[in-house]
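To keep things clear, I will list the structure first and then write my remarks on it.
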Amino acid sequence: MEPGTADDTTRHGDSADRRLPVYDPQAVEARWQQRWIDEGTYEVDNDDPRPPYYVLCMYPYPSGAAHMGHVRNYTFGDLIVRHRTMQGYGVLSPIGFDSFGLPAENAAIETGRHPREFTEEKIVELSSSLRRIGAGYDWRRLVTSHSPSYTRFTQWIFLKFLENGLAYKQMAAVNWCPGCQTVLANEQVLADGTCERSGDLVEAKDLEQWFFRITDYAQQLLDDLDLVDWPERVVTMQKNWIGRSEGAEFSMAVVDADGNAHSSGAEVSVYTTRPDTAFGMTYAVLAPEHGLALTVTTDENRPAVEAFVARARSTSEMDRLSSEGALDTRGVFTGSHLLNPFTQQPVPLYLADYVLVTYGTGAIMAVPGQDQRDWDFAEAYDLPIVRTVQPPEGWDGEAYTGDGPAINSPASESTFESLDLNGMDVDEAKARAIEWLDTWGLGEAKVNFRLRDWLLSRQRFWGSPIPVVYCPDHGAVPVPVDQLPVLAPDDVEFLPTGESPLKHHEGFLNTTCPRCGGAAVRETDTMDTFVDSSWYFLRFADPTNEDLPFDRAAVEHWLPVDQYIGGVEHAILHLMYARFFTKALADLEVAPATLREPFQRLFTQGMIRLDGVKMSKSKGNLVAPEAILDREGADALRLGQLFVGPPADDVDWEGVGIEGTYRFIGRLWRLAYPGSGVVPDASGDDALEVDKATHRLIARVSDEMERWSYNTSVAAFMEFTNLVYKQGKTDFAVDTLLKLLAPMAPHVTAELWELRNGGHVHEEPWPEHDPAMLAVDSVTMVVQVAGKIRDRLEVSPDISEDEAAALALASEKVRPHVDGEPRKVISRPPNLVNIVP
RNA sequence: GCCCGGGUGGUGGAAUGGCAGACACGGCGGAUUCAAAAUCCGCUGACCUCACGGUCGUGCGGGUUCGACUCCCGCCCCGGGCACCA
């Protein structure tokens with residue numbers, strides 16, 4: 001080739017009489033991606049002799065080509081897979097797709113195309129994106145939620161739960177659009193409570209629905225958080241979600257204002273965490289949906305109560321729990337009273353929207369003196385307020401929730417004699433109150449959880465059908481296991497209202513009862529897609545099993561997942577459900593009995609924002625990685641994603657470029673290309689210095705990889721490369737750099753390694769540093785006077801406390817700031833001495 | 001409303017109670033080039049100073065400490081989640 005005629009070569013410096021090709025990410029990356037697939041680099045068998053390690057990214061909803069959030073997530077996953085492989089593990093790195101869900105169904109309504117067709121197209125697009133970012137998977141283990149072989153076992157598990165009492169049917173309210181005659185997802189209800197399609201006001205409607213009894217596992221789900229190595233904030237969120245509280249439950253007779261029993265003889269049971277304050281109960285409240293609400297309402301109050309109940313039912317739970325706005329329209333008097341067993345006095349019984357039927361007993365005792373919301377309500381409705389805990393001296397607030405001696409409990413000795421809490425602190429008074437309730441058979445200690453059972457029925461088409469048949473004689477009958485999977489039909493028409501076509505498909509609907517053979521109809525509800533994602537990580541261990549969801553031994557080998565990675569938005573629901581499934585399946589002996597937790601180590605990455613807004617398809621602000629892959633390539637993009645900030649933080653893609661990492665890859669290429677003279681060989685002391693720096697790099701990066709500090713590792717690589725450009729290179733330095741960088745930038749390092757040494761860099765063992773090479777001759781010691789830096793001294797790293805102090809006090813720059821004997825000298829050799837004058 | 005995060009140069013960020021601003025982007029300057037791109041090298045928190053050097057500075061107000069971006073208390077602002085409660 002003639003100089004000047006070829007664009008793909010360039011000259012560098014006077015030593016470059018050799019030609020150095022320009023790095024071409026397109027060619028190199030495509031070639032390696034193909035090789036990893038052809039050579040099965042990241043395929044692993046269940047009898048692999050290496051120690052097992054299971055790395056999993058939350059499987060994605062197939063929304064089409066990857067966006068930046070995917071790139072971020074799958075870059076983290078891939079670099080761990082490659083890193084652990086180099087460390088000698090047999091790494092399970094599977095991939096799948098969460099392929100049921102509402103978007104495909106909405107697309108079907110718009111385009112008339114079957115959701116399967118639409119979904120499978122998106123899967124192809126996303127798979128191709130994942131390949132282009134260089135992620136290495138065992139594609140033989142691909143799992144998709146909608147495939148018949150997976151759906152079959154999702155249904156199998158449902159039946160197993162049903163058989164063992166973990167699934168049941170109950171009435172529950174749904175969002176009902178009267179215009180569309182359809183159930184809406186929360187997402188489809190606009191902020192003003194109207195349907196996004198028709199604009200009609202959404203109503204609450206009760207339907208028979210299937211539930212999983214996750215509350216049976218509430219205590220275990222709480223306790224076993226101690227077994228996992230998860231981010232503290234996720235553990236906190238899970239604990240708060242489970243919401244264990246200890247208190248008391250007791251019942252009170254419904255009476256009139258004079259204390260005469262109600263004609264129905266009804267009693268209302270309340271749950272409270274503060275039984276110690278019961279003498280201060282000045283009213284009580286039922287949830288508007290409470291079963292007794294209308295029974296206890298007097299004729300006089302009935303019209304107001306009925307209007308109130310209707311209004312509360314159409315108000316969102318979040319608005320109901322809000323304490324903002326006027327309170328005086330948020331409750332209504334029933335006309336009845338409850339007899340407070342502590343005071344033997346009747347207290348008025350209200351309904352209020354802020355009391356939920358789903359928590360506790362759906363009824364509360366209200367104690368304005370010790371609860372601010374009760375206080376506000378009492379003021380709004382002109383109800384009495386009695387303090388039963390003495391607030392501290394100088395207290396000028398309203399309700400007092402802190403500790404203190406009980407007062408007014410009872411208010412005077414004459415009113416009540418069998419219980420006296422006065423003077424006790426809160427804990428003591430609680431215990432005594434519960435003991436008293438127990439003694440008199442009025443109530444008992446009670447542990448409550450905020451966690452509710454999992455409503456899994458969805459009135460949708462694109463999900464796993466619930467495998468149940470309704471027979472006029474036998475009721476709900478499970479579909480026999482040998483008839484699974486129950487699959488939705490293909491010849492369906494999607495209605496513009498969003499109503500599931502299953503409800504009108506005669507061929508699907510009409511069947512026979514498995515028990516009696518008589519005419520029966522199928523359940524038309526499908527399962528929440530969270531059901532699919534609650535066991536896919538188990539299926540990956542044994543993805544082609546046709547007899548069982550998975551073989552126990554295969555799960556025993558791979559599970560728990562050693563490193564699970566996903567978005568923080570799944571910190572509660574998905575993780576809670578998957579934990580519940582794992583425990584239940586283990587208890588039912590489907591999974592190994594010892595498998596109590598599915599995900600040993602969890603990492604939750606932050607979100608990608610653009611201009612401060614969450615990046616999402618619905619907001620239309622996605623930045624597609626395709627253009628970057630076409631120009632700068634996957635390695636530059638991956639390093640850019642890692643370099644932008646800590647993995648756990650949200651990142652704003654605005655203003656974040658990949659210029660820096662792209663240039664860095666060019667510098668690496670020119671440094672490491674065999675025979676390149678761009679960076680001269682280091683000699684003598686320089687070579688030793690560079691090799692020492694290399695050992696420091698190994699130590700630093702190895703540590704940072706364990707701590708998820710990838711952004712600083714990229715900085716370390718840049719710093720090291722800058723040093724080598726100045727001091728000259730050694731083979732050890734360059735080869736080590738390639739190995740350390742191989743997990744993060746797999747393509748360019750694989751190419752350079754092969755050119756330099758032959759073979760695969762990703763099959764090299766992870767480098768180990770030599771501790772002896774970390775030693776340094778001197779360190780910079782800071783000398784402060786009263787915390788202000790006055791001098792910096794070069795000292796020996798093993799300088800003693802006294803020597804350091806003496807050296808500091810002798811400093812020319814320090815002396816002017818210290819007159820006389822210093823009051824104190826803090827010596828922290830070899831880094832710092834602080835002199836307090 | 002409740003729960004969980006977060007506020008550091010022009011920008012993304014670094015600093016596990018001990019040198020605030022590593023590393024990069026952007027900007028400025030130099031080398032190279034006929035010229036440009038690319039590349040290589042240097043400077044770049046603000047203010048005062050010819051300089052040496054000094055003062056200030058991590059959302060705001062307190063506190064703990066010899067020493068606080070870091071720990072504690074109270075605010076303000078921003079982001080996210082919600083089946084949200086006795």
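Quick note on labels: first sequence line is chain A, next is B, and so on, each numbered from 1.
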On a whole-Å scale, what distance lies between the [atom1] atoms belonging to [N] and [M]?
N: B:G81; M: B:C71; atom1: C1'; value: 28 Å
N: B:G12; M: B:G63; atom1: C1'; value: 33 Å
N: B:A36; M: B:G18; atom1: C1'; value: 50 Å
N: B:U70; M: B:G7; atom1: P; value: 11 Å
N: B:A68; M: B:G59; atom1: C1'; value: 16 Å
N: B:C75; M: B:C25; atom1: P; value: 43 Å
N: B:G27; M: B:U16; atom1: P; value: 31 Å
N: B:A31; M: B:G10; atom1: P; value: 30 Å

Does OP1 or OP2 of [N] have a side-chain N or O of [X] closer than 4.0 Å?
X: A:N722; N: B:C41; value: no
X: A:K788; N: B:C56; value: yes
X: A:N240; N: B:C4; value: yes
X: A:R667; N: B:C40; value: yes
X: A:R233; N: B:G81; value: no
X: A:R670; N: B:C40; value: yes

Study note, to complete from the structure: Test side-chain contact (heavy atoms from CB on, under 4.5 Å), reference A:L639, set A:N711, A:I658, A:L741, output is A:L741
Report which part of the nucleic acid [X] touches: base, sugar-phosphate, or nothing (heavy-atom distance under 4.0 Å, all strands).
X: A:N448; answer: nothing
X: A:T273; answer: sugar-phosphate
X: A:K726; answer: sugar-phosphate
X: A:I572; answer: nothing
X: A:Y725; answer: sugar-phosphate
X: A:I789; answer: sugar-phosphate
X: A:V836; answer: sugar-phosphate
X: A:L455; answer: nothing

Practice item. Please work out whether B:G9 sits syn or anti, treating a glycosidic angle within 90° of 0 as syn. Key: syn
Review point. Is A:I364 close to A:D374 at the side-chain level, that is, under 4.5 Å between some pair of heavy atoms?
Key: yes
If I take atom [atom1] in residue [X] and atom [atom2] in nucleotide [N], what distance separates them, rounded to the nearest angstrom?
X: A:E659; N: B:U39; atom1: CD; atom2: C1'; result: 16 Å
X: A:R700; N: B:U16; atom1: CZ; atom2: P; result: 11 Å
X: A:D649; N: B:C78; atom1: CG; atom2: P; result: 20 Å
X: A:Q784; N: B:G67; atom1: CD; atom2: P; result: 10 Å
X: A:L637; N: B:G12; atom1: CG; atom2: P; result: 20 Å
X: A:L575; N: B:C3; atom1: CG; atom2: P; result: 21 Å

Given [options], the nucleotide with the shortest approach to the side chain of [X]:
X: A:T780; options: B:A86, B:C19, B:G12; answer: B:C19
X: A:L451; options: B:A14, B:G18, B:A83; answer: B:A83
X: A:V644; options: B:A86, B:G12, B:A24; answer: B:G12
X: A:T272; options: B:G26, B:C4, B:A86; answer: B:A86
X: A:D703; options: B:C25, B:G12, B:U16; answer: B:U16
X: A:R792; options: B:A83, B:C19, B:A15; answer: B:C19
X: A:K824; options: B:G54, B:C66, B:A15; answer: B:C66
X: A:P646; options: B:C4, B:G13, B:C23; answer: B:G13
X: A:A715; options: B:C23, B:A14, B:C66; answer: B:C23

Taking the six-membered ring for Trp, are the ring centroids of [X] and [Y] within less than 6.0 Å of each other?
X: A:Y350; Y: A:Y381; answer: yes
X: A:F342; Y: A:F250; answer: yes
X: A:F377; Y: A:Y283; answer: yes

**Study point:** Distance-minimising heavy-atom pair for A:V285 and A:L349
**Key:** N-CD1, 4.0 Å
Revision key, fill the gap. Heavy-atom nearest pair, A:G280 first then A:P368, reads O-CD, 3.8 Å
Point to revise | Toward the 5' end of RNA chain B, by each residue's nearest nucleotide, A:V355 or A:I214 | key: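 Nearer the 5' end of the strand: A:I214.
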**Study point:** Residue closer to the 5' end of RNA chain B, A:G787 versus A:V782 (nearest nucleotide)
**Key:**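 Result of the comparison: A:V782.
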Give a yes or no on whether a donor-acceptor pair under 3.5 Å exists between the nucleobase atoms of [N], that is its base, and the side chain of [X].
X: A:R828; N: B:G18; result: yes
X: A:N834; N: B:C66; result: yes
X: A:R707; N: B:U16; result: yes

**Study point:** Pair assignment for B:C23, Watson-Crick or G-U wobble, requiring both distances under 3.5 Å
**Key:** B:G12
Point to revise | Crowding at CD, A:E812 (>12 non-hydrogen neighbours, <6.0 Å) | key: no
Check your understanding: For A:D528 and A:Y577, does a side-chain donor sit closer than 3.5 Å to a side-chain acceptor?
Key ->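 On atom types as modelled, these side chains do not qualify, holding no pair under 3.5 Å.
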